[in-house]
Amino acid sequence: MHDTDFSRNITFKLWVQSNFLIYYFLQDKAMERTKINVVLKLEKTPGDIFIKGWIRTKRNAKEFSFMEINDGSCLNNIQVVANNDLANYADIEKLTTGSSAEISGQLIESPGKGQKWEIQATQIDIISVAPDDYPLQKKRHSDEFLRTIAHLRPRTNKYGAVFRIRSEMAYAVHKFYKKKGFRYLTAPLITGSDCEGAGEMFRVTSLDPKSVKKQGKMDFTQDFFGQETNLTVSGQLSGEMFALALGDVYTFGPTFRAENSNTSRHVAEFWMLEPEMAFCDLSGNMDHGEELVKTLTQHALKECQDDMNLFSNFVDKSLPKLFDTILNSDFIRLTYTEAIDILQKAKTKFDYKVEYGIDLQSEHERYLAEKHFKRPVFLTDYPKQIKPFYMRMNDDGKTVAAVDLLVPRIGELIGGSQREERLNVLESRMDEMKLPKKDYWWYLDSRRFGSVPHSGFGMGFERFLMMITGIKNIRDVIPFPRTPGSIDF
RNA sequence: UCCCCAGUAGCUCAGUUUGGCAGAGCAAUUGGCUGUUAACCAAUGGGUCCGCGGUUCAAGUCCGUGCUGGGGAGCCA
């Protein structure tokens with residue numbers, strides 16, 4: 001009797017427990033958060049829905065309130081309807097722009113115009129209320145103002161879109177190279193060679209500034225690496241070494257320039273993509289650059305439709321035309337010498353006189369890409385005097401196998417060359433330019449041991465983003481821009 | 001670094017030419033109204049006119065200087 005009671009009791013307990021677990025499990029499943037980009041794409045309603053996000057705007061009525069919720073997963077908000085029979089309606093009514101909340105309710109077809117779905121809320125839990133000094137309002141802000149609140153600007157439509165596209169483009173770079181059989185090389189950011197290229201470099205040191213001041217000078221032999229050290233201005237030399245081992249490689253990472261340049265196209269820290277290809281000449285280099293630009297552009301249009309449309313509609317209405325040109329026409333290829341000829345015959349008056357041997361000015365580059373050809377232009381074979389030592393000498397003895405890609409509105413998007421693979425030619429070039437060969441012993445080694453023709457270039461990631469978004473200032477396509485006199489955030 | 005432009009309410013800007021009470025829209029606060037959607041209507045609060053110096057009876061306004069921001073140039077990606 002007692003035994004039976006006992007066993008009944010246990011059975012009952014187990015029954016209750018298992019049912020509770022099932023109930024709890026179902027509850028948990030029902031409470032799983034759905035991101036808004038997924039919600040908005042639903043074909044039919046799942047009934048219950050649970051979201052979390054930030055309130056972009058709220059419109060109160062007497063008996064209910066409309067809220068637009070954004071969770072950063074996509075450009076669009078979802079409209080939430082909160083009736084005044086919700087327990088905490090008094091608090092909900094006071095929710096401000098920028099506040100955060102989690103909302104469960106029914107996903108229903110919206111009776112109003114402007115959206116397919118809306119959520120009829122059954123419960124709204126307020127996570128945090130933004131005070132009334134929240135700087136972002138539900139109106140357009142200037143880019144200059146938003147730069148002063150760079151920590152909050154990704155919460156706006158435009159900057160949310162920029163940085164979703166930026167993320168997608170970084171993925172597209174790796175996808176492109178994976179498909180082409182390239183290896184990803186993470187080149188060092190700290191470098192000991194101070195002649196990597198032109199331009200001021202940032203010094204890296206572990207010396208204590210106070211003791212340096214006491215001694216009156218920096219003793220680099222006492223420094224961490226025992227010599228003068230800087231942040232990299234390019235991963236190219238590393239790239240060349242690995243291209244001559246793995247075949248086709250690319251680097252994609254941050255690059256640093258300490259130039260005091262105050263323009264809308266320069267930042268001190270930026271991201272550069274640098275492919276380097278063994279057994280590749282200048283023509284193959286251009287083929288590759290063109291394919292890269294086309295593939296990335298195509299990817300953005302396909303994978304970031306809503307975000308890309310924002311820029312075509314509100315930032316630069318000529319973008320669709322540019323995309324058509326990029327995707328459906330061959331890029332122009334012409335030599336520096338031919339370009340000089342075109343510029344000299346141009347009716348446009350230039351501030352700087354055009355003659356063979358000059359480095360092309362912005363106005364000249366813009367004329368070629370924007371006025372004369374109206375599409376991307378590869379310019380090749382520059383006079384050796386205006387290019388670095390590592391570019392391959394052409395047979396004419398006057399020009400080198402350099403290539404720049406000029407695009408409308410941006411200017412130089414890509415800069416590269418076929419590299420000088422002939423040891424004797426490379427050495428005499430270095431002598432001409434008075435470079436210390438002993439510092440480059442390892443670079444020269446690559447030409448001594450199984451040297452092969454190879455080529456590569458650098459593409460400014462931010463400049464590419466400027467091109468496809470129409471954004472005019474490079475500070476607005478990088479999360480926290482570093483420029484002379486400005487390192488906030 | 002050089003040239004040009006700007007700095008006025010939380011934001012966007014008028015007022016500066018010809019010196020004479022500090023303004024508008026949006027935002028905020030309060031109330032009203034409405035399946036609204038940059039909602040709407042009304043009321044209220046809100047100022048180091050970028051800083052410093054000068055001219056003047058009087059300076060947001062004129063002059064000098066500094067700072068900050070923007071555009072362009074150079075350099076480059």
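Atom set for the values below is all heavy atoms of this structure, side chains included, hydrogens, waters and symmetry mates excluded. Chain naming here is simple, since letters A, B, ... match the order of the sequence lines and numbering starts at 1 in each.
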Side-chain atoms of A:Asn260 come closest, of B:rC75, B:rG35, B:rU1, to B:rU1
Tell me the partner of B:rU16, counting only Watson-Crick (N1-N3 plus N6-O4 or O6-N4) or G-U wobble (N1-O2 and O6-N3) with both under 3.5 Å; none if nothing fits. none
Looking at the side chain of A:Asn473, which of B:rG70, B:rU29, B:rG74 is the nearest nucleotide? B:rG70
Check the phosphate of B:rA39 against A:Lys58, side-chain N and O only, distance under 4.0 Å to OP1 or OP2. Yes or no? no
The side chain of A:Glu144 lies closest to which of these nucleotides: B:rG35, B:rG69, B:rC76? B:rG69
With a 4.0 Å cutoff (strictly under), does any side-chain N or O of A:Thr57 reach OP1 or OP2 of B:rA38? no
When you check the phosphate oxygens OP1 and OP2 of B:rU36, does a side-chain N or O of A:Arg59 lie under 4.0 Å from one of them? no
Across all strands shown, which nucleotide pairs with B:rG60 by Watson-Crick or G-U wobble geometry, both distances under 3.5 Å? none
Check every atom of B:rG35, B:rA27, B:rU12 against the side chain of A:Gln137 and return the nucleotide holding the closest atom. B:rA27
Examine the side chains of A:Gln106 and A:Thr45 and answer whether a donor and an acceptor come within less than 3.5 Å of each other. no
In terms of the angle between their ring planes, are A:Phe457 and A:His288 parallel, tilted or perpendicular, with boundaries placed at 30° and 60°? tilted
If only side-chain N and O atoms of A:Arg265 are considered, is one of them under 4.0 Å from the OP1 or OP2 phosphate oxygen of B:rA73? yes
Should A:Lys62 be listed as having a side-chain N or O under 4.0 Å from OP1 or OP2 of B:rC33? yes
Closest of B:rG35, B:rC76, B:rA39 to the A:Arg257 side chain is B:rC76
For A:Gly485 and for A:Tyr352, find the nucleotide of RNA chain B with the closest heavy atom, then tell me which residue's nucleotide is more 5'. A:Gly485
Do any side-chain nitrogens or oxygens of A:Asn157 fall under 4.0 Å of OP1 or OP2 in B:rA38? no
Just how far, in rounded Å, is C1' of B:rG74 from CD1 of A:Ile358? 14 Å
How is A:Asn60 classified with respect to the nucleic acid when contacts are heavy atoms under 4.0 Å: base, sugar-phosphate, or nothing? base
Go ahead and name the base partner of B:rA9; Watson-Crick or wobble counts if both distances stay under 3.5 Å, otherwise write none. none
Indicate yes or no for a side-chain donor-acceptor contact from A:Thr96 to the backbone of A:Ala130 under 3.5 Å, with no hydrogens or angles considered. yes
For the residue pair A:Asn60 / A:Ser65, report whether a side-chain donor-acceptor contact shorter than 3.5 Å exists. yes
Is the shortest side-chain N/O distance from A:Arg147 to OP1 or OP2 of B:rG70 below 4.0 Å? yes
With no hydrogens and no angle check, just 3.5 Å: does a side-chain donor-acceptor pair link A:Glu363 and A:Tyr352? no
Under a 3.5 Å limit for both distances, which nucleotide forms a Watson-Crick or G-U wobble pair with B:rA73, could you say? B:rU1
Determine the contact category for A:Glu118: base if any of its heavy atoms lies under 4.0 Å from a base atom, sugar-phosphate if only primed atoms, P, OP1 or OP2 are that close, otherwise nothing. base
Are A:Ile78 and A:Ile103 close enough, and set up right, to give a side-chain contact (heavy atoms from CB on, under 4.5 Å), and what steps lead you there? CA-CA 11 Å; A:Ile78 182 125; A:Ile103 294 143; over 6 Å; no
What's the gap between B:rA27 and B:rG64 when it is taken at their C1' atoms, as a whole Å value? 38 Å
Side-chain N,O (A:Ser264) to OP1/OP2 (B:rG72) below 4.0 Å: yes
Does A:Ser65 place a side-chain N or O at less than 4.0 Å from the phosphate oxygens OP1/OP2 of B:rU36? no
Identify the nucleotide, in any strand shown, that forms a Watson-Crick or G-U wobble pair with B:rG46, with both distances under 3.5 Å; if there is none, say none. none
Go nucleotide by nucleotide along RNA chain B from the 5' end; which of A:Ser486 and A:Phe461 gets its closest nucleotide reached first? A:Ser486
Donor-acceptor pair present, A:His266 side chain and B:rC76 base, under 3.5 Å: yes
Give one of base, sugar-phosphate or nothing for A:Leu413, where a contact means two heavy atoms less than 4.0 Å apart. sugar-phosphate
